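These values consider heavy atoms only, across backbone and side chains, with no hydrogens, waters or symmetry-generated copies. Numbered from 1 within each chain, the chains take letters A, B, ... in sequence-line order. All values reported here derive from a predicted model rather than from experimental measurement.
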There are 2 protein chains.
Amino acid sequence: MPANEPSSATPTTSASPRGAAARAQVLAAAAELFTRDGYAATTTRAVAERAGLRQGTLYHHFAAKEDILATLLEATVAPSLAYARRLLEPAEPVPGARLWALVRFDTELLLGGLSNVGALYQLPEVRGERFAEFRQVRCDLAGAYRTVLAPLDELPEDQLRLRAQLVLGLVEGAVAVARECAEQEAAVVPAAVADAAVRLASPQGCTEERLAAVREAALELAVLAGR
Amino acid sequence: MPANEPSSATPTTSASPRGAAARAQVLAAAAELFTRDGYAATTTRAVAERAGLRQGTLYHHFAAKEDILATLLEATVAPSLAYARRLLEPAEPVPGARLWALVRFDTELLLGGLSNVGALYQLPEVRGERFAEFRQVRCDLAGAYRTVLAPLDELPEDQLRLRAQLVLGLVEGAVAVARECAEQEAAVVPAAVADAAVRLASPQGCTEERLAAVREAALELAVLAGR
DNA sequence: GTCTATATCAAGATAGAC
DNA sequence: GTCTATCTTGATATAGAC
């Protein structure tokens, strides 16, 4: 990756860890290792080494190990919520279109992001104080899921909550298992999960034709929402 | 908790950890703590204390911390597979009935068992050597899911695999989120997840009526399969 | 901003008395 | 079979030179 910088022109901007880029390298390294080996089992040494730094240097960028995790989580869930909000602006052409678009976006984000940060959502450490802000955003996202689920079925509030949880569980669970078996199939997963979400949220049934219409409408919505 | 045993009548059978019961107490304590705080973050001291033992004593029942986890996992997945096999013996009265029964059973097992051992399935530690046997059983269970999914949809093998993964993801994901919000609602979750699974596996749509028929047939199957 | 070196602490596992 | 030690190791985080 490093192109060249034999001499020293601009000290703060070099290819290797040096400077501001180091922080980003640490985040990328942590995302990889946290998702692969688990948060608790990943040492700060391993993160630093992978980022091209020494262990102690991490603490000039993050005050504690938990801060690295919190930064990762917030950076991952924020785009989801932002996308969900853009998705809610235009009217929904076909019931289920918003749901399809949102589920596909989230699955894609979790699967394709730097790493499978989605799997980190359920870490026990996330219950701590340090992660309150993240959990709040996460909660707002769950609300968005309820909103996009509502038009598909007349449901009392608590049933709607449960269904939103089911769909969230589907997305995160599917992401967790998707990397294990599928390799090149990963490209199909987001759409498949979105299909599945629409089906499971359609109480009076969802035929292939209807699903096709939902997909098409969702793709248009996705353009409007900027993705 | 200890009722009384001032003198010493039968040495191997007393109320507190003493004797063979200790092993079971350790497992119960570990299940609770591993699922609540995570495996890596749970110390053997904490497990021992909750089991009413001292840290060192654990090692007379298990050779290592990982052995506790492995025992828990195997004990949880084995009933699922056994149930799935019994479910496959009788003919399927209505397509989807087996799926419904299996999903409900698994969700119930994971939710209601000693603890949410299901959440432990995705621990990074489980990739290790020590857990090969567990992963094998898990793999067999995935095969059973493919079998019960097959009658619902004409699907090429790889698509069927993906769908089985989706359903497994749904079950485990739903279980993971179910405890967070729902309290007394937990009783509704298994059936709701089973409904959701059947819907998402029914490509040509699944109306309320059909779902009702599936549920009824599934309950009969469940009786035959011994639960 | 990065390094080396180290303080500090707690974890898993073992030894041997009772 | 359980206890009280203790060994050994490896972790996070800090201090201070460059």
Distance check needed: [N] [atom2] versus [X] [atom1], whole Å only.
X        : N      : atom1 : atom2 : result
A:His61  : D:dA13 : NE2   : C1'   : 15 Å
A:Arg54  : D:dA15 : CZ    : C1'   : 17 Å
A:Leu33  : D:dT12 : CG    : P     : 12 Å
A:Asp67  : D:dA13 : CG    : C1'   : 13 Å
A:Glu125 : D:dT12 : CD    : C1'   : 14 Å
A:Leu58  : C:dA5  : CG    : C1'   : 16 Å

(request) Any salt bridge (charged side-chain N to carboxylate O under 4.0 Å, His left out) involving residues 56-72 of chain A? Give me the pairs, sequence neighbours left out, ordered by first then second residue. (result)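 For residues 56-72 of chain A: A:Asp67-A:Arg130.
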
(message) Considering only residues two or more places apart or on different chains, which pairs with a residue in residues 45-61 of chain B satisfy salt bridge (charged side-chain N to carboxylate O under 4.0 Å, His left out)?
(response) none

Report, one line per pair, each donor and acceptor closer than 3.5 Å where one atom sits in a side chain of residues 187-198 of chain B; sequence neighbours left out.
unit_1	atom_1	unit_2	atom_2	d
B:Asp195	OD1	B:Trp100	NE1	2.8
B:Asp195	OD1	B:Arg215	NH1	3.0
B:Asp195	OD2	B:Arg215	NH1	2.6

(message) I'd like to check the salt bridge (charged side-chain N to carboxylate O under 4.0 Å, His left out) partners of B:Arg199; sequence neighbours left out, ordered by chain and number.
(response) B:Glu208

(request) List in chain and number order the residues that pass salt bridge (charged side-chain N to carboxylate O under 4.0 Å, His left out) with A:Glu157, two or more places apart in sequence or in another chain; answer none if no residue qualifies. (result) A:Arg146, A:Arg161

(message) Counting primed atoms plus P, OP1 and OP2 as sugar-phosphate and everything else as base, spell out the protein contacts along nucleotides 10-16 of chain C at 4.0 Å heavy-atom distance: B, S or - for each nucleotide, 5' to 3'.
(response) -SBBB--

(request) Determine whether the side chains of A:Tyr145 and A:Asp106 contain a donor N or O and an acceptor N or O closer than 3.5 Å. (result) yes

